[in-house]
Amino acid sequence: MVKILSKDFFNKPTITVAKKLLGKFLVRRYRGKRIVLMITEVEVYDGPQDKASHASRGKTARNEPMFGEAGRFYVYFTYGIHWLVNVVTGPKGYPAAILFRAGRTLEGKDIIGPARLTKYLKIDGKLTGKLAGRRTGLWFEDHGIKIRPSHIKRGPRVGVDYAGSWAKKPYNLKLL
DNA sequence: ACGATGATGAAC
DNA sequence: TTCATCATCGTA
């Protein structure tokens, strides 16, 4: 039983969505091929006050998708080299998103790191602002895997030391 | 430990 | 227009 996640799945508090995303699948249709990853690590960026979030300095051309409707992708370019992918959560106008940091292939190989994940799934800036779904070529599937709360480890976010106390919040979620 | 490599946002 | 910074990674 495979279900495709729709907008209402993402239109909820960001931490709630993040917990439910672990064990779900990110699926890409690229040049006729299906590329699949089980989501094993995510990171929450929540609200205009979050100093680690791109939205903390207001809406710009780049981060505009974060302020949009839930279920859209926010993809951005960083360090001159890498693309990183997020899915937008919460109500329209409230900037929040979940960054995908790691996944596992159907063969059990771990793809660790947000830029390695986008490379594996052939994701780049052309997908930013697009709604998750088959038409977009990138969507979420529920394969019926149940994750127990005790199998989720929460810790501080990675690479955001500049964000002061916001860097310490347990907004990183990993599947154990 | 460091360089790659370029868009972004803030300052000037 | 210039400049520091950056939700990172591969190589050393």
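Letters go in sequence order (proteins before strands), and every chain restarts at 1. Since the structure is predicted, the reported quantities are computational estimates derived from the model, not experimental observations.
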### Summary
Per-residue pairing states of DNA chain C in dot-bracket (Watson-Crick or G-U under 3.5 Å; . unpaired, | other strand) read ||||||.||||.
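- Nearest heavy-atom pair, A:Pro91 versus A:Asn11, reported as atom, atom and distance to 0.1 Å: N-OD1, 3.3 Å.
- Contact record, A:Asn172 with A:Val158: ND2-CG2, 4.1 Å, taken as the closest heavy-atom pair.
- Residue A:Tyr94 comes nearest to A:Pro48 through the heavy atom pair CE1-CD, 4.0 Å, listed as atom of the first residue, atom of the second, then distance.
- A:Ala115 comes within contact range of the sugar-phosphate backbone alone, with a heavy-atom separation under 4.0 Å but no base atom that close.
- Here the shortest heavy-atom pairing between A:Val88 and A:Glu69 reads CG1-O, 3.5 Å.
- The aromatic ring of A:Tyr79 does not stack onto the base of B:dG6, failing the criterion of a centre distance under 5.5 Å from the six-membered base ring together with planes under 30° apart.
- Aromatic ring centres of A:Phe73 and A:Phe100: separated by at least 6.0 Å.
- Here CD of A:Glu41 is found 8.5 Å from CG of A:Leu99. Values are rounded to the nearest 0.5 Å.
- Closest approach of A:Lys168 to A:Pro156, counting heavy atoms only: O-CB, 4.2 Å.
- Across A:Ala18 and A:Val44, no two heavy atoms sit closer than the pair CB-CG2, 3.6 Å.
- Using a 4.0 Å cutoff on non-hydrogen atoms, the parts of residues 81-90 of chain A near DNA chain C are A:His82, A:Leu84, A:Asn86, ordered by number.
- Below the 3.5 angstrom threshold, one finds no donor paired with an acceptor across the side chain of A:Tyr76 and the base of B:dA7.
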Report, one pair per line, the protein and nucleotides 10-12 of chain B atoms (nitrogen or oxygen only) whose separation is under 3.5 Å.
none

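- Between A:Phe140 and A:Phe10, the angle of the ring planes lies from 30° to 60°, which puts this pair in the tilted group.
- Using a 3.5 Å distance cut-off with no hydrogens or angles, the side chains of A:Tyr76 and A:Asn86 do not pair a donor with an acceptor.
- Ion pairing of A:Glu141 with A:Lys24 is absent here, as no side-chain N (NZ or NE/NH1/NH2) approaches a carboxylate O to less than 4.0 Å.
- Taking atom CD1 of residue A:Ile123 and atom C1' of nucleotide C:dA7, one finds them 15 Å apart after rounding to whole Å.
- Residue-level contact check: A:Arg157 touches neither bases nor backbone, having no heavy atom under 4.0 Å from any strand.
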